[in-house]
Amino acid sequence: MVSQATSQNQLFGESVSISGTTYETDTMTNVTPKILEKVGKNLHNRKKHPLNLMRWRIQNFFNDNFLKGRTPVFSVHDDIKPVVTLEQNFDSLLAPADHPSRKPTDSYYVNSSYMLRAHTSAHQRDMMKSGLDAFLLVGDVYRRDEIDATHYPVFHQVEGVRLFSQRELFSNVADPTGLSLFEDGRKTDHKQAIHTMESAKLVEHDMKSSLEKMANHIFGKDIESRWVDAYFPFTHPSWELEIKHQGEWLEVLGCGIMEQEILKSAGVDHKVGWAFGIGLERLAMKLYSIPDIRLFWSEDTGFMSQFDVDDVNTPITYKPISQFPQCSNDISFWLPDGYSENDFYDLVRTIGGDLVEQVSLVDDFCNPKTQRHSHCYRIVYRHMEKTLTQKEVNVIHEAIQQQAADLLGVEIR
Ligand code: DAH
């Protein structure tokens, strides 16, 4: 530990700044500059990123299926900073003192009071305390791990929590007199000591049917699924939901009936609730056939452009991008009356075919004197099997310029 602490101080000196806040380093500090580079990237909020598509599939499911009048029941929180206290990440969730995730080898510590959250559950108690009964929380989480095709020390989760008052939980029961949420009972495999059997069973049923429907919404209505018993310090009972994907059982999420002690510490001990946590990367990899988790961090347009869809439910099968280099050329022209961008995109695709990886508008200019508009587009060319020479690209690029002038009436600048 001591030698590690010394080396960390060499990395940061006496303090480290994370998204605008300064933290003193100490012997616990084990975050690295490389990891801190990821803080604030918020891939889940980046439009048309596969993790953003995944997150919207989940969010849309809750928005469309849980409504009070016209208002979604679940509020959504997607920019809560990932630096949390150890108390939030562990103690507030009843993680035992010897829980493996507390080890400095498993989590990223900013210092002995703060860490990068290891799961979005870290915010459960505080969100409930602030008065929320139903919420989704989307965020980046950090765990020390090897890096390979399926492991990366930063990934993304969606957390969901749903609380019920006595009246809400029993609202569909014909005669709820005599039913109660709580009793002074015994803990069994099926319930906590303080919950009555009927409240535990109703919460379990509401949770399981909601989450099964969500899995169907994401992976299709015909998929097979099953519930597997699990253990989490913050829920009892706890389960994992698995689905059959391409012949193999795939774990989709963890969930359970929230420990009443956590609700109590949030000041909502008159309610009961369920919670779940779902990791986005693994699911997106299965759903889109993305072979390597590192690709989510790729800035390569060959990766990103494959997820450029307007409807988040569009089926996408990722095609490996070429190992060969890109070549990018710009084209600028004055727009004629009635110009349509999509006509230009089609023309580029028609001439360039699969050699065109991406076309994007990089500049939109209006001449203040003449009020004429001009556009500049960047066209990225890449061949799947070989390195394109600039000469080969120029031939195609000139053909695009020529035809844009002839067919669309643009005036090349
Ligand atoms: N936090 C858990 C994890 O990262 C996932 C999880 C399990 C979240 C059960 C929950 C839950 O809210 O109830 O592995």
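Model, not experiment: these values are computed from the prediction. Order of appearance sets the numbers: ligands from 1, and atoms from 1 within every ligand.
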To the nearest 0.1 Å, how far is [atom] from its closest protein heavy atom, and which atom is that?
atom	answer
atom 12 (O) of ligand 1	E159 OE2, 2.6 Å
atom 11 (C) of ligand 1	F234 CE1, 3.6 Å
atom 8 (C) of ligand 1	G277 N, 3.3 Å
atom 14 (O) of ligand 1	R143 NH2, 3.9 Å

Below 30° counts as parallel, above 60° as perpendicular, anything between as tilted: where do the rings of H44 and H156 land?
tilted
Ring centre gap for [X] and [Y] strictly below 6.0 Å:
X	Y	answer
Y339	F344	no
F62	F74	yes
Y288	F219	no
F164	F170	no

Numbered atoms of ligand 1 (with element) below 4.0 Å of [X], judged on heavy atoms:
X	value
T235	13 (O)
Q124	12 (O)
F232	7 (C), 9 (C)
G256	13 (O)
G254	6 (C), 7 (C), 9 (C), 11 (C)

If you measure every N or O of A275 against every N or O of ligand 1, does any of those distances drop under 3.5 Å?
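Yes, at least one N or O pair falls under 3.5 Å.
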If I apply the N/O under 3.5 Å rule, does Q157 come out as touching ligand 1?
yes
For ligand 1, does M258 get within less than 4.0 Å through its side chain, its backbone, both, or neither, judged by non-hydrogen atoms?
neither
Does F276 approach ligand 1 within less than 4.0 angstrom via side chain, backbone, both or neither, non-hydrogen atoms only?
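It is the backbone that gets close, since no side chain atom is under 4.0 Å.
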Regarding D300 and R382, does a basic nitrogen lie under 4.0 Å from an acidic carboxylate oxygen?
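Yes.
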Do D145 and R143 meet the salt-bridge criterion of a basic N to acidic O distance under 4.0 Å?
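D145 and R143: not salt-bridged.
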Per the ring pair (Phe, Tyr, Trp, His ring centres under 6.0 Å) rule, which among F90, Y142, F234, F276 passes with H119?
F234
How about F296 and H49: do any of their side-chain heavy atoms sit closer than 4.5 Å?
yes
